Peer 1: 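Below is the structure I would like to discuss, written out as structure tokens.
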Amino acid sequence: MTSSKSEQPDRISEAELAVMEALWQRNPITASEVCDSVCEKRQWSLATVKTLLSRLVAKKAISTSPDGRRFLYAPLIARADYVGGESRRLVDRLFGGRAAPLFAHLAESEALSDDDLTEMEALLKELRK
């Protein structure tokens, strides 16, 4: 289930995003399964994951459903919708709502590889069709 753009959840922190990534990869899953995915890499405890899950439920970014003595968690927003919203916020906030200055900045800072440029050229050709 995904929310519409008008129902975007509150801003998601970097830590919460790590939990969301685990849920986007596989769902519904338990808090322990989320921890299996993120705890070692981030040096988190299960309690930390449960706190982040609670915050995401409160933000209406994920759903929870009982499964015996545990809960299952699933995203309420699609990853593509989240990325789209965050991309738009970035462009609006830093580049006055225009994408061209963003690409110029990336090119000037040498953050774009030849492969990136090739992909962008192909995308532009596709968009112009």
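Every value quoted in this text rests on a predicted model; they were computed, and no experiment measured them.
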Peer 1: Run the numbers on V83 and S87 for side chain to side chain contact (heavy atoms under 4.5 Å, CB included), then give the verdict.
Peer 2: CA-CA 6 Å; V83 169; S87 298; 3.9 Å; yes

Peer 1: Would you compute the distance between atom OH of Y73 and atom OG1 of T30 and round it to the nearest 0.5 angstrom?
Peer 2: 8.5 Å

Peer 1: Is a donor from one side chain sitting under 3.5 angstrom from an acceptor on the other, for S113 and D116?
Peer 2: yes

Peer 1: Hey, does L46 have a side-chain heavy atom less than 4.5 Å from the side chain of S32?
Peer 2: yes

Peer 1: Does CG in D114 sit with more than 12 non-hydrogen atoms of other residues, nucleotides or ligands closer than 6.0 Å?
Peer 2: no

Peer 1: Between the side chains of T48 and T51, is a donor N or O closer than 3.5 angstrom to an acceptor N or O?
Peer 2: no

Peer 1: In plain terms, say whether E16 and R11 are close enough for a salt bridge, that is, a side-chain N and a carboxylate O under 4.0 Å apart.
Peer 2: no

Peer 1: Enumerate the residue pairs fulfilling salt bridge (charged side-chain N to carboxylate O under 4.0 Å, His left out) with a member in residues 42-51, sequence neighbours excluded, ordered by first and then second residue.
Peer 2: none

Peer 1: Got T64 and L72 here, is their nearest side-chain heavy-atom distance under 4.5 Å?
Peer 2: no

Peer 1: So, taking the atom named CG in L112 and the one named CG in L117, what distance separates them when rounded to the nearest 0.5 Å?
Peer 2: 5.0 Å

Peer 1: What's the spacing between K59 NZ and S54 OG if we round to 0.5 Å?
Peer 2: 12.0 Å

Peer 1: Does a salt bridge link R89 with D92, judged by any charged N lying under 4.0 Å from a carboxylate O?
Peer 2: no

Peer 1: Show your working on side chain to side chain contact (heavy atoms under 4.5 Å, CB included) between L23 and L53 and close with a plain yes or no.
Peer 2: CA-CA 10 Å; L23 292 169; L53 287 166; 4.3 Å; yes

Peer 1: Would you check if I12 and E86 make a side-chain contact, meaning some heavy-atom pair closer than 4.5 Å?
Peer 2: no

Peer 1: Which distance, rounded to the nearest 0.5 Å, do you find between the CD1 of I77 and the CH2 of W24?
Peer 2: 6.5 Å

Peer 1: Taking atom CG of L76 and atom CG of N27, what is their separation to the nearest 0.5 Å?
Peer 2: 10.0 Å

Peer 1: Are the side chains of M20 and Y82 in contact, using a 4.5 Å heavy-atom criterion?
Peer 2: no

Peer 1: What's the shortest heavy-atom distance between C39 and V49, and which atoms?
Peer 2: SG-CG2, 3.4 Å

Peer 1: Mind running side chain to side chain contact (heavy atoms under 4.5 Å, CB included) on V19 and W44 for me, showing each step along the way?
Peer 2: CA-CA 11 Å; V19 170; W44 289 347; 4.2 Å; yes

Peer 1: Return the CE to CG distance between M120 and L124, rounded to the nearest 0.5 Å.
Peer 2: 6.5 Å

Peer 1: A side-chain contact here means heavy atoms from C-beta on lying under 4.5 Å apart; do L94 and H105 qualify?
Peer 2: no

